[in-house]
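Take a look at the structure set out below.
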2 protein chains.
Amino acid sequence: MANSKLYKGSLNTIILKLLEEQGKMYGYEMAQKVKELTKGELNITEGALYPALHKLEAEGLLDVEVAKVDNRLRKYYKLTEQGEKETINRLAELEEFIRSMQRLVNPDWSIN
Amino acid sequence: MANSKLYKGSLNTIILKLLEEQGKMYGYEMAQKVKELTKGELNITEGALYPALHKLEAEGLLDVEVAKVDNRLRKYYKLTEQGEKETINRLAELEEFIRSMQRLVNPDWSIN
DNA sequence: TCTTATGCATAAGAAAATTATGTATATATT
DNA sequence: AATATATACATAATTTTCTTATGCATAAGA
């Protein structure tokens, strides 16, 4: 994972974004989804993912619902009302951040 | 600074990129330049900047040259040969990272 | 049967920032 | 003249956020 250092700080926003578009997901599923969407570029480790989910839950941004599928545990997360509002803010910040990075790194790219 | 958490990990690459295009710069100047280029979005703190410069120097990616201007100290940094090579690699990684983030956050943006 | 995949969790350690200081000179403001 | 702000560096203490390592448990595939 060449980019491992770079995505520091964006994990929470990634989680929120996934839940915004998917409705509800469980942790393992999120990691798979990110790997798929980024063609293996971003690999969310479990040691980062689960604590992040717990923290977002503690902050009141996520709700949990435990399910049992094939005799295995799954914890489905979804956005709370507050979580939906926060997601909008954090996505805006992340997009602005991405634009800033583009301006720094490749000014002639695109003017988004 | 709304994005403060997000740029973690990219500071080193930003420094290298600045030196690649500007030739030589001193620390304070870099911080000003980044603020200007990002329209105040990214604020590099001195507590992050100076240790990062020292580390890049220790790694052999930067050379220093001390100057005195208006009776004030300045430390001009420039890329070493090794630094130039590393810069190319790290910029490629950062650009790939930005694309990944775009795919995650805003799939319909641009296909760079 | 043994490995891989699924699915969660947490502790120890490392990396990379922020925040808070500190030093010193120059310029602008009151 | 005094004070605040800008310039220019530096570092220590702390915090945030990861990685790595470990652990438990079930299902599926080789």
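Model, not experiment: these values are computed from the prediction. Quick note on labels: first sequence line is chain A, next is B, and so on, each numbered from 1.
- When rounded to the nearest whole Å, the span between NZ of B:K75 and C1' of C:dT25 equals 17 Å.
- Here the P atom of nucleotide C:dG7 and the NZ atom of A:K35 are 13 Å apart, to the nearest Å.
- Distance CD (B:E36) to C1' (D:dA6): 17 Å, rounded to an integer number of Å.
- Here B:E29 lies out of heavy-atom contact (under 4.0 Å) with every strand.
- Going from atom CZ of B:R74 over to atom OH of B:Y28 covers 10.5 Å, rounded to the nearest 0.5 Å.
- The interatomic distance linking A:L49 (CG) with C:dC8 (P) rounds to 8 Å, in whole Å.
- Remark: C:dA15 base-pairs with D:dT16; criterion is Watson-Crick or G-U wobble with both hydrogen-bond distances under 3.5 Å.
- In this structure, A:E46 places its CD atom 12 Å from P of D:dT19, rounding to the nearest Å.
- Close to C:dT10, at under 4.0 Å from its OP1 or OP2, lies a side-chain N or O of A:H54.
- Of the candidates B:L11, B:T80, B:L19, B:N12, B:N12 is the only one forming a side chain to side chain contact (heavy atoms under 4.5 Å, CB included) with B:L56.
- Taking 4.0 angstrom as the limit, B:Y28 places none of its side-chain polar atoms (N or O) nearer than this to OP1 or OP2 of D:dC9.
- Close to C:dG7, at under 4.0 Å from its OP1 or OP2, lies a side-chain N or O of A:R72.
- For the pair B:N71 and C:dA24, the criterion of a side-chain N or O lying under 4.0 Å from OP1 or OP2 is not met.
- Contact annotation: A:K55 side-chain N/O to D:dT17 OP1/OP2 distance is under 4.0 Å.
- With rounding to whole Å, B:Y26 atom OH is found 7 Å from D:dC9 atom P.
- With the nearest nucleotide of DNA chain D identified for both A:A52 and A:D70, A:A52 has the one nearer the 5' end.
- Between B:Y50 and D:dC9 there is a side-chain polar atom (N or O) within less than 4.0 angstrom of OP1 or OP2.
- The phosphate of D:dT26 (OP1 or OP2) has no side-chain N or O of A:K68 nearer than 4.0 angstrom.
- Cation-pi check for A:K75 over A:Y26 is not met; the charged atom does not lie both under 6.0 angstrom from the ring centroid and within 45 degrees of its normal.
- Follow the hydrophobic side-chain contacts under 4.5 Å out from B:V64 and you reach B:Y50 in the same cluster.
- In this entry the distance linking CZ of A:R74 with C1' of D:dA27 reads 12 Å, nearest Å.
- Atom CG in A:L73 sits roughly 11 Å away from atom C1' in C:dA9 (whole-Å rounding).
- Taken to the nearest 0.5 Å, the CD atom of A:E20 stands 7.0 Å off from the CG atom of A:L79.
- Of the candidates D:dC18, C:dA9, D:dC9, the closest approach to any side-chain atom of A:L11 belongs to D:dC18.
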